[in-house]
Amino acid sequence: MDLRNCTKQELSQMPYEYVREAYYQHNPNAVWILGVFFRHGKNGAPQNYEKARQLLEIAYEYEGAGSGFILGNIYEEGLGTTVDLKKAEDYYCAFSEETHDPTGYSAAAFLYLKNENLPNRDEKIPEYLKKSEALGGCPLSDTLIGQLYIAGTPDFPKDINKAVFYLERSKKL
């Protein structure tokens with residue numbers, strides 16, 4: 001079976017064996033899909049975080065930041081590698097910068113929110129939330145922004161109307 005020209009969408013619906021065959025046929029889309037399969041133990045692939053990381057890093061180098069969000073998660077959680085929060089932040093941000101998807105910035109803000117010992121934490125959280133908002137926001141960043149408007153901070157002064165707006169929008173998204 002010729003799998004060289006299958007799209008990511010097509011490959012994502014196939015069993016692991018077919019995607020592995022597409023990889024051997026040098027289909028570049030198979031690299032990313034195999035990385036996702038190994039990350040999640042999906043479509044018959046064994047869960048293997050180290051292989052997932054290796055494949056997704058190859059996909060990242062080959063096609064850009066599309067795999068950055070998953071790589072950010074892998075480095076944040078230390079899945080198949082050591083925890084590296086700086087790499088996680090870099091991958092999350094690269095994902096948003098290249099794809100114009102706000103979720104990478106949102107994940108970077110949440111990374112700083114969860115890790116109190118990170119340098120420049122008080123500056124990075126609002127910076128990434130604002131960047132996420134500039135790209136249209138997402139449920140996580142909208143929820144955090146809404147909570148910050150309730151609490152009142154220098155970057156998000158207490159404003160119940162804005163808090164309600166962001167919290168309601170987070171439910172719609």
Side-chain angles (χ1 to χ4, degrees), residues 6-13 16 19-20 22-23 26-43 45-145 147-148 155-156 166 169-170 173:
C6 289
T7 65
K8 284 182 183 176
Q9 178 65 29
E10 292 167 334
L11 290 170
S12 71
Q13 305 302 313
Y16 163 67
V19 179
R20 187 179 61 202
Y23 174 82
H26 305 289
N27 180 329
N29 294 318
V31 176
W32 189 84
I33 296 297
L34 280 175
V36 172
F37 281 11
F38 283 125
R39 161 64 177 90
H40 298 288
K42 194 173 171 186
N43 289 33
Q47 192 168 52
N48 184 324
Y49 296 128
E50 187 174 346
K51 267 189 185 174
R53 179 187 53 78
Q54 291 169 349
L55 289 164
L56 290 166
E57 285 179 342
I58 291 168
Y60 182 87
E61 291 300 319
Y62 179 74
E63 63 186 40
S67 58
F69 190 87
I70 300 170
L71 283 166
N73 175 255
I74 285 171
Y75 278 102
E76 181 178 358
E77 300 297 324
L79 304 174
T81 187
T82 57
V83 170
D84 188 330
L85 298 180
K86 180 61 179 143
K87 275 189 179 180
E89 176 186 6
D90 291 346
Y91 278 124
Y92 285 144
C93 291
F95 172 79
S96 281
E97 288 165 11
E98 188 167 308
T99 65
H100 305 285
D101 183 323
T103 56
Y105 288 134
S106 180
F110 198 64
L111 178 131
Y112 273 90
L113 191 66
K114 292 187 299 186
N115 295 281
E116 295 179 6
N117 297 324
L118 287 175
N120 304 315
R121 181 176 184 260
D122 292 339
E123 294 86 31
K124 291 290 189 173
I125 293 170
E127 174 189 338
Y128 289 139
L129 290 174
K130 288 175 182 179
K131 285 182 175 186
S132 177
E133 168 62 17
L135 293 176
C138 68
L140 179 59
S141 61
D142 283 353
T143 300
L144 293 173
I145 291 170
Q147 291 172 343
L148 290 170
D155 291 289
F156 301 95
Y166 283 102
R169 189 171 82 167
S170 74
L173 292 175

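As the structure is a computational prediction, the values presented were derived from the model and not from experiment.
Residues passing the salt bridge (charged side-chain N to carboxylate O under 4.0 Å, His left out) test with Lys51: none are found, sequence neighbours excluded. Every residue meeting the side-chain hydrogen bond (donor to acceptor under 3.5 Å, both in side chains) condition with Ser141, not counting sequence neighbours, appears here in chain and number order: Ser132. By the ring pair (Phe, Tyr, Trp, His ring centres under 6.0 Å) test, Phe156 pairs with Tyr149, sequence neighbours left out. With sequence neighbours excluded, no residue forms a salt bridge (charged side-chain N to carboxylate O under 4.0 Å, His left out) with Asp101. The side chain to side chain contact (heavy atoms under 4.5 Å, CB included) search around Glu10 returns Cys6, Thr7, not counting sequence neighbours. Remark: Asp122 pairs with no residue by the side-chain hydrogen bond (donor to acceptor under 3.5 Å, both in side chains) rule, at least two apart or across chains. For Tyr23, the ring pair (Phe, Tyr, Trp, His ring centres under 6.0 Å) test picks out no residue, with sequence neighbours left out. Residues meeting the salt bridge (charged side-chain N to carboxylate O under 4.0 Å, His left out) test with Lys87, sequence neighbours left out: none. Residues passing the salt bridge (charged side-chain N to carboxylate O under 4.0 Å, His left out) test with Asp155, sequence neighbours excluded: Lys130.
Two rings, from Tyr92 and Phe69, have their centers less than 6.0 Å apart. In this structure, Tyr16 has its ring center under 6.0 Å from that of Phe38.
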Going by atom type alone, with no hydrogens or angles, which donor-acceptor pairs under 3.5 Å involve a side-chain atom of residues 55-65 and a protein atom two or more places apart or on another chain?
residue, atom, partner, partner atom, Å
Glu57, OE1, Arg53, NH1, 3.2
Glu57, OE2, Tyr75, OH, 2.5
Glu63, OE2, Lys8, NZ, 2.4

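Annotation: salt bridge (Lys or Arg N to Asp or Glu O under 4.0 Å) contacts involving residues 134-145, sequence neighbours excluded, comprise Asp142-Arg169. Applying the salt bridge (Lys or Arg N to Asp or Glu O under 4.0 Å) test to residues at least two apart or on different chains, the pairs with a partner in residues 68-78 are Glu76-Lys114.
Atom CG of residue Leu135 and atom OG of residue Ser106 lie 11.0 Å apart, to the nearest 0.5 angstrom. Of the inter-residue distances, the one linking Ile125 atom CD1 with Leu148 atom CG reads 8.0 Å to the nearest 0.5 angstrom. Rounding to the nearest 0.5 Å places OH of Tyr91 at 12.5 Å from NZ of Lys86. Taking OG1 of Thr81 as the start and CD1 of Ile74 as the end, the distance is 9.0 Å to the nearest 0.5 Å. Taken from OG1 in Thr143 to CZ in Phe110, the straight-line distance is 10.0 Å, to the nearest 0.5 Å. Going from atom CG of Asn48 over to atom CD of Gln54 covers 8.0 Å, rounded to the nearest 0.5 Å.
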_Working note: Lys124 + Leu118, criterion side chain to side chain contact (heavy atoms under 4.5 Å, CB included); need CA distance, chi angles, decisive distance, verdict._
CA-CA 9 Å; Lys124 291 290 189 173; Leu118 287 175; over 6 Å; no
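For Leu11 against Ala30, the heavy-atom pair with the smallest separation is CD1-N, 3.7 Å. Closest approach of Pro102 to Cys138, counting heavy atoms only: CG-CB, 4.2 Å. Heavy-atom minimum distance, Val83 versus Leu85: CG1-CD2, 3.9 Å.
For the pair Asn43/Val19, no side-chain contact is recorded, criterion being any heavy-atom separation below 4.5 Å from C-beta on. Side-chain contact between Glu89 and Tyr112 is present, with heavy atoms from C-beta onward closer than 4.5 Å. Between Ile145 and Glu133, the closest side-chain pair of non-hydrogen atoms falls below 4.5 Å. At a threshold of 4.5 Å between non-hydrogen side-chain atoms, the residues Phe95 and Leu71 do not count as touching.
The main-chain N or O of Leu113 is found under 3.5 Å from a side-chain atom of Arg121 such that the two form a donor-acceptor pair. Looking only at distances, a side-chain donor or acceptor of Ser12 sits under 3.5 Å from a matching main-chain atom of Gln9.
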